[in-house]
Every structure is written in structure tokens, then in C-alpha cells.
Amino acid sequence: MKVILWDFDGTLGHRSGMWRSCLVETLDEQVAGHGIDADQLRPFLRDRFPWHRPEVAHLELCEPGAWWRHIEAVLAEAYRGVGFDDEHAQQLARDAGNRYVDPSRGWCLYDDTLPVLEQLHAAGWTYGVLSNHIPELPDLLDGLGLSSLIEFVHTSAITGYEKPHRKAFEIALERCGNISEVWMVGDNPIADVAGAEAAGIPAILVRTESGQVARRASDLYEAAALIGLRLAPGA
């Protein structure tokens, strides 16, 4: 079996502004004239998510309820930081979490994602998604039309290990079983590339110019070429 492990955010799909924008969107919907922008929320979200400490296993959070209690506490603190009382902040945090998991609210695939994945799949490649993400990532992928192409999904919210932690990659390799070739493709030079290579997996950095890496691609077509397949754009 030939396997490609894909990162999700910034690689296959994206949500503009990520968590900060989601919090502002929730305010836009519920609090008229709130006057708060994403930059005001930034200090209260910095270094607060599990993936900001990837060297630490978060096994106490690898059940969805526990994970969301932790994250909603972070979101509520951000809302309190910009002036909301505790009760209102907690409700806004729950609503922001519900918005974030909804594939119809802000999430989209890159234009090259489906064409490249479909062509590589037809050429015999099997896919896993390995991402520092929410417990509901499989449902998010399904809502974006990717589930029929993805063999398995490992999200750090369920495994308890954030990339570049070596265990995150070892869990994915164990799930792959008997493989003849494996690659990691992602947009983060540390979490995706350095982490994969430390676990013995060749990796490609995609969609970003930052970082010193051996293999870099501007898009998924170039990533496929580095793997050894030149694909027809838009096919």
C-alpha cells in the first residue's frame, strides 16, 4: 500500500482567520455594534491551545467532552478579556465552538485539493489525514466532500498527541499497516515536515515559503510531482 498522510488546515482546506475570526463572527451574529476585532482577541488566545505545547501529551483531553471543556474555557476567557461578563462569555464560547465545527460556516477546500486527491487516488495512493484539530474533524471532512477519499483520520483531539510529537506519526504509521511507500504533506515546517522526518517519513512543505526544508511545493500539483506523479491541472 502506498500512503500519503495529509495535514488539513492550510494544506487541504482552510478557514479564514481560524479561531479569532470565528469568535468575531459569533459576536457579529449575536451582539450588535460590538466593535471588537480579531486583533483584540489575539492576546487571550496566544499559546493557549493544546498544539501550542506539542511536546506534552494531552491524554487527559482525548475524549471529546473533555477537549471541548478545555477549549471553551479558553474561548470564554478571551471573551471576558474584551469585556463580557462570565455568563455571557461562556455562552458565546459554546456558540463559537458550534460554529467552528460546522463545515458550512467559513470552511472551504483549496481549488487543487479535490482534483489532486482524485488523480492520486486513481493512481493507487491511499490517504490518511493527520492533523492537530478538533474531535469532529472526520465530520468536517465529510461535510467538505473528502470522506470518500480518506481511509482514516487521526486528529490530535482524539489521540492526545500534537504534531510534531513523534507518537502522532507512529500512531498513523501503525494504522497504515503494511506499506510500500509513505509521505507526509503539510504546510508547517516544524509540525508537518520536521516531525514526519524525525519519525522516518519523507515530507513535503506546501503552500508556504517559511522554514528550511528539503522538499517544498507551491501547491498540491507540485507536491504530487515531487512524489513522482505529474498530474493534469483541473482534471
Side-chain angles (χ1 to χ4, degrees), residues 1-22 51 100-134 136-156 163-164 168-169 172 175-176 179-197 201-235:
M1 184 166 65
K2 301 183 299 181
V3 176
I4 300 173
L5 301 173
W6 302 97
D7 172 53
F8 176 61
D9 282 338
T11 301
L12 300 180
H14 62 99
R15 191 186 200 286
S16 179
M18 300 304 292
W19 288 98
R20 286 180 291 121
S21 289
C22 184
W51 43 82
Y100 199 82
V101 304
D102 187 343
S104 69
R105 290 182 155 190
W107 290 101
C108 60
L109 299 178
Y110 290 102
D111 290 342
D112 56 358
T113 296
L114 277 175
V116 169
L117 265 61
E118 287 170 349
Q119 290 183 75
L120 285 172
H121 191 265
W125 287 88
T126 296
Y127 305 138
V129 167
L130 179 58
S131 184
N132 295 344
H133 220 283
I134 59 176
E136 296 82 2
L137 181 57
D139 297 327
L140 188 59
L141 295 173
D142 185 43
L144 292 170
L146 289 179
S147 59
S148 64
L149 293 168
I150 305 297
E151 181 72 19
F152 62 89
V153 179
H154 286 302
T155 172
S156 60
K163 297 175 300 181
F169 295 93
R175 174 61 179 81
C176 291
I179 55 177
S180 60
E181 189 174 359
V182 60
W183 289 84
M184 176 75 206
V185 181
D187 71 308
N188 189 298
I190 304 300
D192 297 317
V193 177
E197 291 177 345
I201 303 170
I204 299 169
L205 184 69
V206 69
R207 306 195 198 283
T208 181
E209 295 299 318
S210 64
Q212 298 296 315
V213 297
R215 305 172 191 87
R216 187 189 305 273
S218 63
D219 58 23
L220 299 192
Y221 288 103
E222 287 190 9
L226 289 171
I227 291 170
L229 286 93
R230 295 199 174 275
L231 306 180

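Numbering starts at 1 and runs along the sequence shown. Quantities reported herein were computed from a predicted structural model and do not represent experimental measurements.
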* **Atom pair CG (L5) and CH2 (W183), whose distance is rounded to the nearest 0.5 Å** => 12.0 Å
* **Atom pair CZ/SG of F169 and C176 - distance to nearest 0.5 Å** => 12.0 Å
* Structure fact -> In terms of heavy-atom contacts, P103 and G143 come closest through CG-CA, 3.9 Å
* **Closest approach of E181 to I227 (non-hydrogen atoms, all atoms of both residues)** => OE2-O, 4.3 Å
* Asked: Do L146 and T113 touch side chain to side chain, with heavy atoms closer than 4.5 Å?
  -> yes
* To do: Just jot down the ring pair (Phe, Tyr, Trp, His ring centres under 6.0 Å) partners of Y100, sequence neighbours excluded, or say none.
  => W19, W107
* Structure fact -> Note: A172 and L130 closest approach over all heavy atoms is CB-CD2, 4.2 Å
Pairs under 3.5 angstrom only: tabulate donor-acceptor contacts from the side chains of residues 201-211 to other protein residues two or more places apart or in another chain.
{"unit_1": "R207", "atom_1": "NE", "unit_2": "T11", "atom_2": "O", "d": "3.0"}
{"unit_1": "R207", "atom_1": "NH1", "unit_2": "D112", "atom_2": "OD1", "d": "3.4"}
{"unit_1": "R207", "atom_1": "NH1", "unit_2": "D112", "atom_2": "OD2", "d": "3.3"}
{"unit_1": "R207", "atom_1": "NH2", "unit_2": "T11", "atom_2": "O", "d": "3.0"}
{"unit_1": "R207", "atom_1": "NH2", "unit_2": "D112", "atom_2": "OD1", "d": "2.6"}
{"unit_1": "R207", "atom_1": "NH2", "unit_2": "D112", "atom_2": "OD2", "d": "3.4"}
{"unit_1": "T208", "atom_1": "OG1", "unit_2": "S210", "atom_2": "N", "d": "3.3"}
{"unit_1": "T208", "atom_1": "OG1", "unit_2": "S210", "atom_2": "OG", "d": "3.1"}

* Structure fact -> Shortest non-hydrogen pair, I4 vs W6, comes out as CG2-CE2, 3.5 Å
* In sequence, state the C-alpha distance, the side-chain angles, and the governing distance for W125 and L229, and then conclude on side-chain contact (heavy atoms from CB on, under 4.5 Å). => CA-CA 11 Å; W125 287 88; L229 286 93; 3.5 Å; yes
* **salt bridge (charged side-chain N to carboxylate O under 4.0 Å, His left out) partners for E197, two or more places apart** => R215
* **All pairs passing side-chain hydrogen bond (donor to acceptor under 3.5 Å, both in side chains) where residues 142-156 contributes a residue, at least two apart** => D142-S147, S156-E162
* Structure fact -> With sequence neighbours left out, the residues meeting salt bridge (charged side-chain N to carboxylate O under 4.0 Å, His left out) with D102 are R105
* Asked: Side chain of K2, backbone of G124: donor and acceptor closer than 3.5 Å?
  -> no
* Asked: Run the side-chain contact (heavy atoms from CB on, under 4.5 Å) check on L114 and L149 step by step: do they pass?
  -> CA-CA 9 Å; L114 277 175; L149 293 168; 4.1 Å; yes
* Return yes if some donor-acceptor pair links the side-chain N/O of Y127 with the main-chain N/O of H121 below 3.5 Å, else return no. => yes
* Asked: Per the side-chain contact (heavy atoms from CB on, under 4.5 Å) rule, which among D7, V193, V3 passes with M184?
  -> D7
* Full working for side-chain contact (heavy atoms from CB on, under 4.5 Å) between L220 and L117 -> CA-CA 9 Å; L220 299 192; L117 265 61; 4.3 Å; yes
* Enter the distance from L120:CG to Y221:OH here, rounded to the nearest 0.5 Å. => 10.0 Å
* Looking at residues at least two apart in the chain, or sitting in another chain, which of them share a side chain to side chain contact (heavy atoms under 4.5 Å, CB included) with A214? -> none
* Could you tell me which non-hydrogen atom of P164 sits nearest to which non-hydrogen atom of G195, and how far apart they are? => CB-CA, 3.6 Å
* Structure fact -> What one should report as the nearest heavy-atom pair of K163 and A191 is CB-O, 3.4 Å
* Asked: Can R15 and D9 be counted as an ion pair, charged N to O under 4.0 angstrom?
  -> no
* To do: Give the C-alpha distance, both sets of side-chain angles, the deciding distance and a yes or no for side-chain contact (heavy atoms from CB on, under 4.5 Å) between F8 and I150.
  => CA-CA 12 Å; F8 176 61; I150 305 297; over 6 Å; no
